[in-house]
Amino acid sequence: MAKLSTRPGISTLAIHAGQEPDPTTGAVMTPIYQTSTYAQEALGKNKGFEYARTHNATRAALERNLAGLEGAKHGLSFASGLAATNALIQTLSAGDHVVCGQNTYGGTYRLFERVLRKYQLDFTYVDTSKLGDIRRAITPSTKMLFLETPTNPVLRLTDLSGACEIAHDHNVVVVVDNTFASPYVQRPIGFGADIIIHSTTKFLNGHSDSVGGIVVAVRDDHIEWLRFVQNAEGAILGPMDAWLVLRGTKTLPLRMDRHNASALVLAEFLAGHPKVTRVHYPGLTNHPQHDLARRQMRGFGGLISFELGSLERARALLNNVSLMALAESLGGVETLISHPATMTHASVPPDRRLEIGLTDDMVRVSVGIEDVDDLKDDLTQALDHI
Ligand SMILES: Cc1ncc(COP(=O)(O)O)c(C=O)c1O
């Protein structure tokens with residue numbers, strides 16, 4: 001009998017999707033197959049495993065799990081989120097054009113502009129929260145729409161159904177970087193997306209102890225080519241990291257509920273604080289796309305950004321938090337605070353930063369799962385130093 005019903009809930013999927021007791025021992029948790037090769041029974045006869053760049057059972061269990069969580073057909077994991085993005089771009093050919101959100105992750109922008117342009121790929125960056133801007137940017141060479149929603153760090157949303165409809169009318173493949181939301185908060189395939197990528201480094205792993213990436217897809221031609229690229233280019237996720245992410249996804253729904261709830265409490269607290277000039281959080285009723293967030297997301301995510309009026313005031317806050325760690329990255333159980341302009345987005349030119357509303361006084365918080373009152377106390381005492 002199949003272990004999962006036809007429509008399992010997401011918490012059940014998180015624990016069981018793609019997971020079977022280990023065939024050798026019955027181990028309930030997938031073992032870490034830390035091996036580079038496999039003994040063959042006879043020439044041309046093996047158990048389906050020949051060499052670990054091509055096949056690894058721990059990695060395969062994670063790929064099935066993440067495909068299940070995103071409602072996709074198959075997943076392929078890579079050494080980092082950027083390696084995953086680079087792999088999915090290999091579905092394109094020289095001369096192809098990509099329409100991309102203007103507020104995409106800085107490392108993605110750097111990959112597109114500094115590396116992939118050398119291979120005659122063309123990129124146009126638009127404000128994808130405006131569907132008309134997406135439509136106008138599509139040319140006869142456009143083959144891919146690359147979206148991030150919510151964006152980092154200004155937390156603007158893209159209407160996924162609307163964007164997919166426009167793209168598909170022009171035979172353009174829709175890719176969503178779903179790192180910021182996680183499949184618990186948002187499942188873009190349900191809105192029509194074709195390919196999803198994640199930096200598993202973030203919410204999926206959730207414990208800030210591994211770097212990795214995943215691409216999940218629904219179309220057989222994409223899956224086949226991505227599988228080929230994973231082996232041909234070789235930027236695979238190692239078995240230990242695959243196991244760590246698999247351990248992480250089991251508690252994803254529980255963690256995301258807490259991230260969502262605490263972020264909303266802190267966003268409301270910051271919005272009412274006299275030293276904070278502006279708060280960006282889709283869960284606030286004055287967020288310009290709050291209604292879209294309610295339609296498209298389950299909760300509003302664990303990231304908040306806010307403005308303090310000047311770089312000096314932002315610096316005073318960042319240098320005085322004590323429970324929160326001043327660090328890049330996001331999505332872990334612990335709360336991290338950062339200064340996007342000089343940290344995560346330092347590779348984005350200043351004029352582009354201003355264009356997307358990323359000001360020098362902006363601070364970003366990745367809200368962890370500590371007691372929210374302790375987080376509020378930490379922000380309160382740090383704000384007192386301004
Ligand atoms: C939205 C987003 N996409 C992709 C990446 C790249 O992931 P990685 O650092 O695992 O290469 C990041 C990293 O911060 C990210 O925030």
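Start at 1 and go down the list; that is how both ligands and their atoms are numbered.
- At a threshold of 4.0 Å, the pair Asp133-Arg136 counts as salt-bridged, since one of the basic side-chain nitrogens sits closer than that to a carboxylate oxygen.
- Note: Phe49 and Tyr38 have tilted aromatic rings, judged against thresholds of 30 and 60 degrees for the angle between ring planes.
- At a 4.0 Å heavy-atom cut-off, the residues surrounding ligand 1 are Ser80, Gly81, Leu82, Tyr105, Glu148, Asp177, Thr179, Ser199, Thr201, Lys202, Gly212, listed by chain and number.
- Side-chain atoms of Ile10 and Arg187, non-hydrogen and from C-beta on, do get closer than 4.5 Å to each other.
- Neither side chain, Asn319 nor His385, offers a donor N or O lying under 3.5 Å from an acceptor on the other.
- Taking the six-membered ring where the residue is Trp, Phe123 and Tyr125 present parallel rings, their angle staying beneath 30° rather than reaching 60°.
- For the pair His207/Leu244, no side-chain contact is recorded, criterion being any heavy-atom separation below 4.5 Å from C-beta on.
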